[in-house]
Structure formats: C-alpha cells, structure tokens
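Remember, it's 1-based here, ligands and their atoms both numbered in the order they're listed.
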Amino acid sequence: MDSSPTVPRIALRNGTAIPQIGFGLWGFDDESVQPVLADVFKAGYRMIDTGDEYHNERGVGLAIRASGLPRDELFVTTKVYDASGYDATMRAFDASLGRLGLDHLDLYLIHWPMGDRDQTADAWRAMERLLADGRVRAVGVSNFYADDLRHLLARARTAPLVNQIELHPWCSQAAQRALDREHGIVTQAWGPLGRGRGLLESGPLRNVADRHGRSPAQVALRWQVQLGVVSIPKSTDPRRMAENLEVFDFTLDEQDLAALAVLDDGRLVGPYARPF
Ligand code: NDP
C-alpha cells in the first residue's frame, strides 16, 4: 500500500480537503463491494462515493474497518435519496451513519432535486444543521442544475460546497461549472468515463491518448483534473483502478484541449439526464 500514488487534494470553501479523484461505488451490493474496496484502497484511493440508494453502505462500512486505514485518511461520501424535508433527511443521515458504522461523514449530498422545492429547502436546513453540529465535514447537492440550484441558494444560509453532476468529455458542463464557481461550489463529475457507452473509443480521445502514451480513460480524467473538477470513476478491474489514478504526471496542452473540445456536444448518458 505504501507505493500507491498520492492523490492531490483541493480545498472546499470551508477548508475541507477533498482528493481530486475518488472511487464511485454505484452498482455494487453489500457483498460485492467488500473485495472491490480492498482493491480500491490498495490502489491508493482514499475518497469513496456511495449513496443510501446504492444499498451497499453496510458493506462499505465493513470494508473500511477491514482496511485498517485511519479514519482521517479516508474521505467518505454518501447521499440521501429521500430528501423530502428536515426530519426525513435527519432520519436518512442517522440510518446511513449506522449502516456505515461511522461517527461522522466527510461529505453528505442530496442525491436529486426531487419533489417539492419547499421540502428540498427544508432538507437543506437539515444539511446545514448536520454541518454545524460537526456530523459532516461538508455538505452538497447532486444533479442540481441552474433552476434547482438557484432556488436552493435563495433559501440557504450556507451554499452547497459540492455539486455532483454528470460530466465527461461529451459534456463539459461549462455553464453549470461557471454557476457553481460563482457560488464557491466545487463541481464533482459522475460518470466521468462516460459509463461504458463508447466515449473511450472515440477518435479524439484515442488520438490524444496515443500522443501521450496513455489510455483514453487517463486522458478523460486528466482533462477533468485540468478543469478543476473532482472525479469519481469506477472500475471492477484492479489494473484499471490503478491506471485511473495515474494522471498526475502528465499535462494536456492547448492542442490536446482543442482536439478534445470537439467531443463536447452536450451528450448525456444518464440516468435521468437533464441538460443545463
Ligand atoms: P464511469 O464513467 O466511472 O464508467 C465506468 C465504466 O468505465 C465501466 O464500464 C468500467 O469498466 C469502465 N472503465 C473504468 N476504467 C476504465 C479504463 N481505465 N479503461 C477502460 N474502461 C474503463 O461510470 P459510473 O456510472 O460508475 O460513474 C462513476 C460513479 O459516479 C458511480 O460509481 C457513482 O458513485 C457516481 N454516480 C453518481 C450519480 C448521481 O446521480 N450522483 C449517477 C451515476 C453515477 P470496467 O469495470 O470493466 O473497468
């Protein structure tokens, strides 16, 4: 584990340091997530992204304890799916923490802006309470595009620290990133490799990858690093897990960035894709 790469961290608005690349845990259950996380930690990841709706928090907690890693080395994110008000959010938080077997989270996100916006605003009050009480180090939202985000900001005392949205070279989310930045919100990329839907086979990514002697996945992730977003790629293959962290020792130049910009046609691969 000592030879694993160190992933740079960036500071959220309140000073909380978040690794620039973490590992996404969608699609694993309580059983399958445990050996995967052993490989993930061995590869050098310290930030992991789950959600109550992924139904693997219990397994994630077991894997964290089995790893023997100090808690303060890890950055653990989970999400609330049923953010239908203050009490529902508090209950969901307690349940997630219980399943994970942790006493605090590093990042807690509202998964989707679903339902009534007044209820979402009440849910956000719960997020602010959790932050003030030190039960989470950072709070944020996910899949909040302009309308939903502005509505929340108008009611919030503390703006979200993170907005996790679909982002990859097919959809650079320039407008949403600008809005996030304006409010001091760090944009986090989900589906950063395009979710296995052909992005990594595209000509421009392959050409830039060949030019650097890297893989298309590494180029996609390096491009995200240079945009200043935080990414959470997923792989079931330990070699790819390691490969996806090896993106901090090369740089894409203007020519590379121009070649990749051709891919940015706003294509989303979902689920529930919503354009900006
Ligand atoms: P990704 O964009 O991370 O793509 C994963 C796919 O890429 C898999 O098919 C994987 O295959 C392949 N892959 C990974 N590394 C490589 C590589 N080096 N070379 C070639 N292929 C590679 O998709 P996800 O949907 O998993 O998104 C990542 C995370 O984002 C999720 O796990 C979840 O945590 C989060 N997410 C959040 C959402 C939200 O609403 N907030 C919605 C969706 C996702 P293989 O396993 O064979 O390597």
Legend entry - Those protein residues which place at least one heavy atom below 4.0 Å from ligand 1: Gly24, Leu25, Trp26, Asp49, Tyr54, Lys79, His111, Trp112, Ser142, Asn143, Gln164, Trp190, Gly191, Pro192, Leu193, Gly194, Arg195, Gly196, Leu200, Ala217, Ile232, Pro233, Lys234, Ser235, Thr236, Arg240, Glu243, Asn244

Inset, instruction - Using distance alone, with no hydrogens and no angle criterion, decide if Thr50 and Glu57 have a side-chain donor and acceptor under 3.5 Å apart. - result: no

Inset, instruction - Answer yes if the side chains of Arg222 and Gln218 hold a donor-acceptor pair under 3.5 Å, and no otherwise. - result: no

Inset, instruction - Would you please say whether a donor-acceptor pair under 3.5 Å links the side chains of Ser235 and Asp237? - result: no

Legend entry - Value rounded to 0.5 Å, distance of CG in Asp106 from CE in Met47: 10.0 Å

Legend entry - Within 45° cone and under 6.0 Å: Arg157 NZ/CZ vs Trp124 ring: no

Please table the atom pairs, donor to acceptor, closer than 3.5 Å between any side-chain atom in residues 181-193 and protein atoms at least two apart or in another chain.
unit_1: Thr187; atom_1: OG1; unit_2: Asp180; atom_2: OD2; d: 2.7
unit_1: Gln188; atom_1: OE1; unit_2: Gln164; atom_2: NE2; d: 2.8
unit_1: Trp190; atom_1: NE1; unit_2: Asn143; atom_2: OD1; d: 2.9

